[in-house]
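One structure below.
Every value quoted in this text rests on a predicted model; they were computed, and no experiment measured them. What's counted below: heavy atoms across the whole structure, side chains too, no hydrogens, waters or symmetry copies.
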Amino acid sequence: MVVDDHPMWREGVARDLAAAGYDVVATTGEGRQAVRIAGAARPDVVVLDLQLPDISGVEVITGLLAALPSVRVLMLSASGEQQSVLDAVKAGASGYLLKSAGQAEFLEAVGRTAAGDTVFTPGLAGLVLGEFRRLAVEPAGDDGMTPKLTERETEVLRLVAKGLSYRQIAERLVLSHRTVQNHVQNTLGKLQLHNRVELTRYAIEQGLD
C-alpha cells in the first residue's frame, strides 16, 4: 500500500512497484483512510510519507500496527531531520528512506523491508543506532538476569546490530536464509522484543556492535 498526499508521486511509486512485480493493493493520500482500509487491503508492506494533510505519519504507523501487527512500514520522506526519523522508528517503522533515493535503491529497500530487514538511507542508520546507544537500558527482568543466548544467536545479533540483511548474514555465517530468520525470531522471543529495530537497540546496549 502506498500512502502519499502528492498524487503524481503516489502514482509514480505505485507504478514503479507494479512494474517490479509487486501487487499494489491500495493507494491513498490520507492517513486516516490508510488506517481504515489497511484491515481489508491487508498489505505486507506500507510505503508511507511522513507529512500527510490530516494526521501525522507517526499516528498512521500506530494505527496501522494496531490494525495489522505484522505489517512492515517503510517511510519514504523528504525530511531527514533527526527527530522525524527517530519518531518514526520509535513508533514502529521498519525503515526510513529519503525521497532523494534512486529507483533501484527504493525497490531494494521495499524488498528488504518485505523480508523483515531494517532499512535506512545511508547516514540515517548511524543516527538511529546512536540514539539507541544513548538510551538507558531497561532492566532485563525481575531477577535482573539477562536472557541467555546461544553463541550462534549472539553472533547473529552482532551482525544485526551492524545493519546486515538476512541474506548477508546467511552468506557470512554459511547458513540458510531461513536459519538466520529462525535465529532472529528465537532471539526476539527470548528478549521479549518485537522487531529488528528493538533487537538492534538491545545489541548496542549490550555492547555487541
Side-chain angles (χ1 to χ4, degrees), residues 1 16-25 42-48 61 64-65 68-76 85 88-90 92-98 101-133 137 140 146-209:
M1 181 164 72
D16 287 347
L17 288 169
Y22 290 100
D23 182 15
V24 181
V25 295
R42 302 195 66 79
D44 295 313
V45 175
V46 175
V47 177
L48 174 65
I61 296 170
L64 288 171
L65 291 174
L68 288 172
S70 64
V71 74
R72 299 184 178 102
V73 181
L74 174 64
M75 304 303 295
L76 186 60
V85 178
V89 172
K90 289 175 181 177
S94 300
Y96 199 107
L97 202 65
L98 294 180
Q103 183 188 58
E105 183 182 356
F106 166 65
L107 292 174
E108 180 189 8
V110 171
R112 288 187 59 188
T113 301
D117 282 348
T118 302
V119 184
F120 293 100
T121 291
L124 296 186
L127 183 156
V128 174
L129 299 187
E131 172 69 3
F132 286 160
R133 182 181 285 110
V137 61
T146 300
K148 182 66 176 175
L149 302 180
T150 66
E151 185 176 337
R152 179 64 86 186
E153 287 169 347
T154 300
E155 194 172 12
V156 170
L157 181 55
R158 183 176 289 110
L159 295 177
V160 167
K162 291 182 181 297
L164 271 67
S165 68
Y166 288 161
R167 179 182 56 78
Q168 291 169 324
I169 294 173
E171 289 174 356
R172 180 169 297 194
L173 299 182
V174 195
L175 299 171
S176 71
H177 186 275
R178 182 173 295 277
T179 298
V180 172
Q181 285 183 312
N182 289 339
H183 281 310
V184 171
Q185 290 307 313
N186 289 340
T187 303
L188 288 171
K190 286 183 179 182
L191 302 177
Q192 295 185 318
L193 303 176
H194 302 100
N195 54 48
R196 276 183 58 121
V197 173
E198 292 186 6
L199 189 59
T200 301
R201 171 183 170 181
Y202 176 87
I204 291 166
E205 289 169 343
Q206 298 300 316
L208 295 176
D209 63 325

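Between Ile61 and Ala88, the shortest heavy-atom contact is CD1-O, 3.7 Å. Contact record, Ala115 with Tyr166: O-CE1, 3.3 Å, taken as the closest heavy-atom pair. Nearest heavy atom pair, residue Leu76 against residue Leu98, reads CD1-O, 3.9 Å. Scanning all heavy atoms of the two residues, the minimum distance from Ala109 to Val119 falls at CB-CG1, 3.7 Å. Taking all atoms of both residues into account, the shortest heavy-atom contact from Phe106 to Leu97 is CA-CD2, 3.6 Å. Looking at every heavy atom in both residues, Arg72 comes nearest to Ala114 through NH1-O, 2.8 Å.
Considering only heavy atoms from C-beta on, His183 stays 4.5 Å or farther from Ile169 through its side chain. Using a 4.5 Å heavy-atom cutoff, the side chains of Leu64 and Pro43 are not in contact. Proximity of Leu159 to Val180: side-chain heavy atoms (C-beta onward) are nowhere separated by under 4.5 Å. At least one side-chain heavy atom of Leu173 sits under 4.5 Å from a side-chain heavy atom of Arg152. The shortest side-chain heavy-atom distance between Leu107 and Leu17 falls under the 4.5 Å cut-off.
Atoms NE2 and CD, on His177 and Glu171 in that order, are 10.0 Å from each other to the nearest 0.5 Å. Atoms CD and CZ, from Glu155 and Arg172 in turn, are 9.5 Å apart once rounded to the nearest 0.5 Å.
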Please test Met75 against Val85 for side-chain contact (heavy atoms from CB on, under 4.5 Å), starting from the C-alpha separation and ending with a verdict. CA-CA 9 Å; Met75 304 303 295; Val85 178; over 6 Å; no
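Of the candidates Leu48, Val46, Thr113, Thr113 is the only one forming a side-chain contact (heavy atoms from CB on, under 4.5 Å) with Leu74.
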